[in-house]
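Here's the structure, in structure tokens; my notes come after.
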Amino acid sequence: MGKHANPTAGWGPHLRAAWQALWVSRVLIWSAGLGAVGLWGVSRRQGDFDMPGLTRPFGSVGDALVAPAARWDSYWFLEIARDGYDSVRAAFFPLYPLLIAPGRVFGERGMLLLGVAVSVACFFVALTVLHRLTEIELGADAARWTVLALALFPMSFFFTAVYSESLFLMVSVGAVYFARTDRWAAAGLLGALGAATRSAGVVLVIALVLMWWQQSGRRARDLAWICVVPLGLVVFCAGLALVGEDYNAPFRAQDTWMRDFSMPFGAVSDGAVAAWDGLRQLLSGSNTPVYFEKAGDPLRSARHNVELFGYLLIAIPALIGAARRLPAAYAGYALAALALPLSYPVEPQPLMSLPRFEIVLFPLFMWLGLWLSQGGNGRRTLVLGTFSVLLVISVARFATWHWVA
């Protein structure tokens, strides 16, 4: 493995790099979100997806201020934190709702504000650890551009929304970092927390096993700690059974959300077909709906299928680059994590939510940081400038209750 940095060095430079990436990107996100709400208001679909008003408990001004952070799946996390689980909600894993549930003391407002605070804090910690991990593997310059590219990526607003993305990024980067620095108990425990945060958390086992195998002195007790990772999922299923729900609900719930297994990576071909059909529809201007839009221009869904396939295309060189420039554990984990959504397509929109699944795959951004560090200012300006423009557009859509990912 690489030895670009001393794993025992101080955290000061990593904290500073993370803070810079955090505040620059969040100022951009909140400016874009508030500006969009001020200019265009919110879609009338808001009431369809948040009838109890869990994402809008503050009144008109306060609701606008939290708009970049409280939309779509935020409702489900807030509802779980308030009322617990049923068979439909079991698609959302429990660690994030547990962390924001204490906010119930102050009602819906407390849960929402605590959710934002948890997401921001987790993202800051995740960027800090990712900077350090990248410096160890690829050097300080690559680390700098890695955290900045991740923070400005078009879907990075999810990291400070009431979503579980930042929590999962923090525990997954932490698990790999602790394994990289030979602290296997911490790696296994953080991996278990990852498995309690989202379904892809279990595949952290692949990264940890590969890192263990590449050690010169493999110890059985370290492997035993890796075996702790699936316990996060086991505890979730057992908890559902204890409250009278189906222990298998996290897997059955995928049917409710229209995800069905096709074949390994079957969504790639399905997504390509959907993108091609969407492109033809956009070029022809046909108004035949291709997705379940309840209101607005049906061409929006065609455009969305094209966008989703674009996010798949940009992941491919990043995955290849990670396989070439990083130890096998990194690309192995990213490939396995991608296999889940790419093997369970959504029938009307095969690549649904793919950009959101990609943003937590930190090995892809580690390679991107290295690639940016090896190029000139023109390359960095082009890539990060494009990211920033797309980030503004994405958060504007999200904040106004238009579907993004």
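Worth knowing before you read on, the calculation uses all heavy atoms, side chains too, and leaves out hydrogens, waters and symmetry mates.
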Inter-residue atom distance [X].[atom1] - [Y].[atom2], 0.5 Å rounding:
X    : Y    : atom1 : atom2 : result
F365 : L127 : CZ    : CG    : 11.0 Å
C122 : L169 : SG    : CG    : 9.5 Å
L351 : D270 : CG    : CG    : 8.5 Å
T197 : L204 : OG1   : CG    : 9.5 Å
T128 : M170 : OG1   : CE    : 11.0 Å
L34  : L39  : CG    : CG    : 11.0 Å

Any sub-3.5 Å donor-acceptor pair from [X]'s side-chain atoms to [Y]'s backbone N or O?
X    : Y    : value
R56  : D50  : yes
R324 : G321 : no
H14  : V129 : no
Y96  : G115 : yes
W30  : A67  : no
R380 : L372 : yes
S119 : V116 : no
R356 : M155 : no
S74  : V162 : yes
T400 : R397 : yes

Please give me the minimum heavy-atom distance between [X] and [Y], naming the atom from each residue.
X    : Y    : result
Q281 : A302 : OE1-CB, 3.5 Å
V360 : E165 : CG1-O, 3.7 Å
A179 : L208 : CB-CD2, 3.7 Å
A151 : S156 : O-OG, 2.6 Å
A64  : P68  : O-CD, 4.0 Å
A32  : V395 : CB-CG1, 3.3 Å

Query raised in the report: Does E137 come within less than 4.0 Å of R325, counting only side-chain N to carboxylate O?
Result: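 R325 and E137: not salt-bridged.
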Query raised in the report: With Y85, which of F93, F236, W76 fulfils ring-ring contact (aromatic ring centres under 6.0 Å, His included)?
Result: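 That would be F236.
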Query raised in the report: When F158 is tested against each of F168, F357, Y163, F123 for ring-ring contact (aromatic ring centres under 6.0 Å, His included), which residue passes?
Result: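 Of F168, F357, Y163, F123, ring-ring contact (aromatic ring centres under 6.0 Å, His included) with F158 is met by Y163 alone.
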Query raised in the report: Any chance CZ of F265 has more than 12 other-residue heavy atoms, nucleotides or ligands included, within less than 6.0 Å?
Result: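 More than 12 within 6.0 Å, yes.
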Query raised in the report: Are more than 12 heavy atoms from other residues, nucleotides or ligands located less than 6.0 Å from atom CD of E245?
Result: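 Buried by this count: over 12 neighbours within 6.0 Å.
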Does any non-hydrogen side-chain atom of [Y] lie less than 4.5 Å from one of [X]?
X    : Y    : answer
I136 : Y177 : yes
Y75  : P52  : yes
W72  : T55  : no
H402 : W40  : no
L233 : C237 : yes
R89  : D83  : yes
W145 : V383 : no
D277 : R280 : yes

**Report entry** side chain to side chain contact (heavy atoms under 4.5 Å, CB included) between W184 and R221, intermediate numbers included
**Finding:** CA-CA 9 Å; W184 292 95; R221 67 175 182 268; over 6 Å; no
Query raised in the report: Is the closest side-chain donor-acceptor distance between R379 and S373 under 3.5 Å?
Result: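 No.
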Report task. Output, in order, the C-alpha distance, side-chain angles, deciding distance and verdict of side chain to side chain contact (heavy atoms under 4.5 Å, CB included) for L130 and M366. Result -> CA-CA 8 Å; L130 179 59; M366 292 173 71; 3.9 Å; yes
Query raised in the report: Pick one: which of L113, T160, L99 meets side-chain contact (heavy atoms from CB on, under 4.5 Å) with V118?
Result: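 Only match with V118 under side-chain contact (heavy atoms from CB on, under 4.5 Å): L99.
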Query raised in the report: Do you know which of F49, W401, F157 makes side-chain contact (heavy atoms from CB on, under 4.5 Å) with R71?
Result: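 Considering F49, W401, F157, a side-chain contact (heavy atoms from CB on, under 4.5 Å) with R71 is found only for W401.
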Query - Parallel, tilted or perpendicular, as decided by the 30° and 60° cut-offs, for the rings of W367 and W371 - result: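 The rings of W371 and W367 lie parallel, inter-plane angle below 30°.
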Query - With D246 via salt bridge (Lys or Arg N to Asp or Glu O under 4.0 Å) - residues at least two apart - result: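 Scan of D246 (salt bridge (Lys or Arg N to Asp or Glu O under 4.0 Å), adjacent residues dropped) gives R252.
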Report task. For residues F159 and F153, establish whether the separation of their ring centroids is below 6.0 Å. Result ->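 Centroid separation for F159 and F153: 6.0 Å or greater.
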Requested in this report: Please report the C-alpha distance between D222 and Q215 in whole Å, then the side-chain angles of each, then the deciding distance to 0.1 Å, and finally whether the side chain to side chain contact (heavy atoms under 4.5 Å, CB included) criterion is met.
Outcome: CA-CA 11 Å; D222 298 336; Q215 288 189 125; 4.0 Å; yes
Query raised in the report: Run the side chain to side chain contact (heavy atoms under 4.5 Å, CB included) check on L95 and S164 step by step: do they pass?
Result: CA-CA 8 Å; L95 186 57; S164 63; over 6 Å; no
